[in-house]
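Report on the structure given below.
The sequence lines fix the lettering, A, B, ..., with proteins before strands; numbering per chain opens at 1. What you see below is based on every heavy atom in this structure, not just the backbone, and it leaves out hydrogens, waters and symmetry mates.
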Protein chains: 2
Amino acid sequence: MQESLTPAGRRIVAAAEELFYTRGITAVGVDLVAERSGVTKRTLYNRFGSKDRLVAVYLTQRDERWRALVLAAVDRCDEPLDAVTAPFDALTTWSETNERGCAFVNALAELPDPEHPARAVVVDQKRWLRDLFAELATTAGCAEPGVLADRLLVLHEGALATQPLPLETLAVTCELARELVRAATRHS
Amino acid sequence: MQESLTPAGRRIVAAAEELFYTRGITAVGVDLVAERSGVTKRTLYNRFGSKDRLVAVYLTQRDERWRALVLAAVDRCDEPLDAVTAPFDALTTWSETNERGCAFVNALAELPDPEHPARAVVVDQKRWLRDLFAELATTAGCAEPGVLADRLLVLHEGALATQPLPLETLAVTCELARELVRAATRHS
DNA sequence: ACACTCCTTCACTGATCTGTATACCTTGGC
DNA sequence: GCCAAGGTATACAGATCAGTGAAGGAGTGT
């Protein structure tokens, strides 16, 4: 996706990622994004057509980066049992440099319009993670992988949602996730 | 808090709740809030001083309504063990009429400024729920009530975060919460 | 020589944003 | 009668919003 972007286009998306995530989508104007990326507003509109489409591209690119991180964490595991909770390891890494929670949930909060092109990106992302959990659980031989996947997804989102708050829930969540996976293998 | 408001002030907050929650805080202007509440913009500023303060009042009032619902669900329980998961029953009820996720998490997403008066309201709310979980767990004789409370909070937030998505996680989450509570009592 | 893509410059529209100024009306309490 | 409080009406400031129009420069491929 990003290979098809022009140099200016890449700079625009990079600036948009930084600004939209840290300050909020609605709060950031296209003028600021253009200025930060060293590009004319005209170029921004020539590349992306509208702010909404730029938002969708921003989320898509962020999604790709995040999925790559998750898959890398999964690949790093030798035991299929560890792989099931690998996304939580990735989450720990990811959270260190992304302290404002889940960009996708945040985007959902700001964009109530069900027709907004960004919504599909968000829904896809969550479904992808759930299906990944289910696949990994099946490979590891867990009982009821579908139910386990749903549970792990809720845990994952809960850890993300409470992350911007001073509550220190991430470690607790990872531990619970591992317990759930262990419990699902004992009974099988 | 709301008894101290004038009639016009109450109408303003009511309109603000509806608009801010469904459309987003940044996306809704004070002109619209004034119009919807049948009040002049001048009155709005005479009552609340600024939009930021109105946002804080909106969240505070919403918080009070939600806490009352949770406490009512807790009081309805005969068994102390059921009381621990009562907030999840309240969540089920609450979600039926609030389909855009957690207003407080959404507000956090829109208001990155750490000094914003609304942030303290959000942090208070989450901490209150965590402490309630801990208290109920202690009363029910659960092992490690602090850890259990952290876990239940994460579950609660995870269910809320995934609620606007077509994923049907609420029932799964409630079931898991009950299992966690049962497990914490077996070992004690 | 020609066309095409990428990007720039800059002015501009029309709407909307938060917040303020001024002046007036009405109601209840003393 | 008087005054303060709550509220109305209207107009406005100054900034910012998303998005467009028109023209041109620079590089590349043919």
Rounding to an integer number of Å, can you tell me how far [X] [atom1] sits from [N] [atom2]?
X	N	atom1	atom2	value
A:E35	C:dC10	CD	P	15 Å
A:R42	D:dA23	CZ	P	13 Å
B:D31	D:dT8	CG	C1'	16 Å
A:L44	D:dT20	CG	P	12 Å
A:Y45	D:dA22	OH	C1'	18 Å
A:L32	C:dC17	CG	P	19 Å
A:L5	C:dT5	CG	P	17 Å
B:I25	C:dC17	CD1	C1'	16 Å

Quiz item: Among side-chain atoms of B:T162 and A:E157, is any donor-acceptor pair under 3.5 angstrom?
Solution: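 Note: B:T162 and A:E157 side chains miss the donor-acceptor criterion.
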Practice problem: Using a 4.0 Å heavy-atom cut-off across all strands, classify B:V33 as base, sugar-phosphate, or nothing. | Solution: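 No contact.
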Quiz item: At under 4.0 Å between heavy atoms, what does B:N46 touch on the DNA or RNA strands: base, sugar-phosphate, or nothing?
Solution: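 Touches nothing.
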Quiz item: In terms of side-chain geometry, is the basic nitrogen of B:R65 or B:E17 positioned less than 4.0 Å from the acidic oxygen of its partner?
Solution: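 A salt bridge links B:R65 with B:E17.
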OP1 or OP2 of [N] under 4.0 Å from side-chain N/O of [X]:
X	N	answer
B:R47	D:dG6	yes
A:T43	C:dT8	yes
B:T6	D:dA5	no

Quiz item: A:V181 and A:F133: same hydrophobic cluster, using ILVMFWY side-chain contacts below 4.5 Å?
Solution: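 They do share one cluster, since a chain of ILVMFWY contacts under 4.5 Å joins A:V181 to A:F133.
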Practice problem: Map B:K41 and B:P7 onto DNA chain D by nearest heavy atom, then report which one ends up closer to the 5' terminus. | Solution: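 Per heavy-atom nearest nucleotide, the more 5' residue is B:P7.
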Self-check item: CD/B:E144: more than 12 non-hydrogen atoms of other groups inside 6.0 Å
Solution: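 No - once you tally the heavy atoms of other residues, nucleotides and ligands closer than 6.0 Å, there are 12 at most.
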Quiz item: Would you say the side chain of B:K51 and the base of C:dG19 hold a donor-acceptor pair, judged only by whether the two atoms sit under 3.5 Å apart?
Solution: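 Such a pair does not exist between side chain and base.
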Going by atom type alone, with no hydrogens or angles, which donor-acceptor pairs under 3.5 Å involve a side-chain atom of residues 70-93 of chain B and a protein atom two or more places apart or on another chain?
residue: B:T85; atom: OG1; partner: B:D82; partner atom: O; Å: 3.2
residue: B:T92; atom: OG1; partner: B:F88; partner atom: O; Å: 3.0
residue: B:T93; atom: OG1; partner: B:D89; partner atom: O; Å: 3.3

